[in-house]
Amino acid sequence: QAGVVYRIIENITVSRFLSYLNKPFLFHIDNNSAILNRNVTSIPALFGTGVVLPIVNLLNEQIIIILVFLVLIFNYPILFGVIVVLILPFFLIYFRYTKNKTKIIRDQTDKQGKFLSKMSLESLTAYREIRIMNKKTYFTNIFKRYIKKYNTQVKNLYVLNNFMPRITE
């Protein structure tokens with residue numbers, strides 16, 4: 001589910017980037033490049049991670065947890081108690097592992113995010129040069145490559161953070 005949502009974010013981001021590059025010259029004169037950059041890089045990610053992904057996760061988690069608890073409690077109450085006692089140490093070990101892994105992924109995401117934002121801003125502010133030199137394809141390909149890398153890292157971080165047990169919160 002995270003992969004699908006991040007592909008949607010990637011498609012929205014690339015679509016927005018291409019739409020801005022295809023706008024006439026006056027559009028770029030009338031609009032602030034920083035706002036256009038925000039619309040390209042931040043808004044789709046905020047929408048996907050802030051709206052779509054939490055709703056999908058909430059529904060999936062609630063259904064699965066309710067079903068598992070009901071089956072275990074009614075059919076195997078002793079087994080349910082044993083499972084809780086045995087799984088708790090696993091969660092604690094997993095938390096320690098994910099803490100280090102999360103830091104590594106966040107560092108990579110920060111690095112790629114800075115480059116992506118810089119590249120997007122430079123492309124949108126250098127609109128005239130891109131059009132005159134016919135480099136739209138060049139900038140589009142670089143942007144697509146880095147948005148894919150960036151979204152892959154963010155997806156990995158998201159999956160890692162959401163697989164972590166709620167105990168750690």
Side-chain angles (χ1 to χ4, degrees), residues 1-65 91 94-131 133 135-169:
Q1 68 196 21
V4 170
V5 171
Y6 280 99
R7 267 186 257 121
I8 290 170
I9 293 170
E10 182 180 325
N11 289 338
I12 292 171
T13 303
V14 169
S15 171
R16 180 87 341 225
F17 181 74
L18 289 174
S19 74
Y20 284 156
L21 283 183
N22 289 326
K23 295 282 184 187
F25 180 69
L26 289 175
F27 174 82
H28 289 274
I29 290 175
D30 292 339
N31 289 287
N32 186 341
S33 296
I35 292 172
L36 297 178
N37 184 45
R38 182 199 65 201
N39 293 346
V40 167
T41 58
S42 299
I43 302 291
L46 289 173
F47 171 72
T49 58
V51 177
V52 178
L53 210 47
I55 290 172
V56 170
N57 273 343
L58 184 64
L59 292 174
N60 285 340
E61 287 176 4
Q62 286 180 347
I63 291 170
I64 291 171
I65 289 173
F91 285 138
Y94 182 75
F95 172 70
R96 288 186 181 152
Y97 166 76
T98 56
K99 185 177 177 183
N100 294 332
K101 186 76 171 166
T102 301
K103 183 182 179 339
I104 292 168
I105 293 173
R106 280 200 176 122
D107 290 343
Q108 291 173 346
T109 303
D110 288 344
K111 182 180 172 185
Q112 290 170 353
K114 287 175 187 175
F115 178 80
L116 180 66
S117 187
K118 177 185 168 195
M119 198 290 255
S120 173
L121 186 60
E122 287 174 355
S123 298
L124 294 172
T125 55
Y127 176 78
R128 288 178 295 226
E129 290 81 5
I130 291 171
R131 288 299 211 180
M133 300 174 138
K135 293 289 185 182
K136 186 172 95 173
T137 305
Y138 171 77
F139 281 98
T140 302
N141 289 339
I142 290 175
F143 185 79
K144 283 180 182 179
R145 185 171 62 241
Y146 277 94
I147 193 68
K148 188 173 192 79
K149 285 181 183 179
Y150 177 77
N151 279 338
T152 300
Q153 290 299 327
V154 173
K155 178 190 74 166
N156 291 342
L157 183 61
Y158 178 81
V159 169
L160 189 63
N161 281 336
N162 282 304
F163 185 67
M164 193 179 325
R166 297 291 180 208
I167 269 180
T168 59
E169 297 177 352

**Request:** Would you please test Thr49 and Tyr6 for side chain to side chain contact (heavy atoms under 4.5 Å, CB included) and show each step?
**Result:** CA-CA 8 Å; Thr49 58; Tyr6 280 99; 3.0 Å; yes
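- With rounding to the nearest 0.5 angstrom, the CG atom of Asn32 is 10.0 Å from the CG atom of Asn39.
- With respect to Asp110 and Arg106, no salt bridge is recorded, no charged nitrogen being found less than 4.0 Å from a carboxylate O.
- A donor-acceptor pair under 3.5 Å links the side-chain atoms of Asn141 to the main chain of Thr137, judged by distance alone.
- The shortest side-chain heavy-atom distance between Tyr150 and Thr41 does not fall under the 4.5 Å cut-off.
- Minimum heavy-atom separation, Pro54 to Gly48: CD-O, 4.2 Å.
- With rounding to the nearest 0.5 Å, the separation of CZ in Arg16 from CG in Leu36 is 9.0 Å.
- Looking at heavy atoms from C-beta onward, Ile35 lies in side-chain contact with Arg38 at the 4.5 angstrom threshold.
- If you take CD1 on Ile104 and OG1 on Thr109, they are separated by 11.5 Å, rounding to the nearest 0.5 Å.
- The side chain to side chain contact (heavy atoms under 4.5 Å, CB included) test with Ile9 singles out one residue from Asn11, Val5, Ile12, and that residue is Val5.
- The distance from atom NZ of Lys23 to atom NE2 of His28, rounded to the nearest 0.5 Å, is 8.5 Å.
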**Test log, rule side chain to side chain contact (heavy atoms under 4.5 Å, CB included), inputs Val4 and Arg7** = CA-CA 5 Å; Val4 170; Arg7 267 186 257 121; 4.1 Å; yes
**Request:** Please test Val14 against Ile147 for side chain to side chain contact (heavy atoms under 4.5 Å, CB included), starting from the C-alpha separation and ending with a verdict.
**Result:** CA-CA 8 Å; Val14 169; Ile147 193 68; 3.9 Å; yes
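- Rounding to the nearest 0.5 angstrom, the gap separating the CD1 atom in Ile64 from the CG atom in Leu59 is 11.0 Å.
- For Tyr138, the OH atom is loosely surrounded, since the number of other residues' heavy atoms within 6.0 Å does not exceed 12.
- Taking every heavy atom of both residues into account, Gln108 and Gln153 meet most closely at OE1-OE1, 2.8 Å.
- Note that the CG atom of Leu18 and the CZ atom of Phe143 stand 8.5 Å from one another [nearest 0.5 Å].
- Classification of the Tyr146-Phe115 ring pair by plane angle, with boundaries at 30° and 60°, yields tilted.
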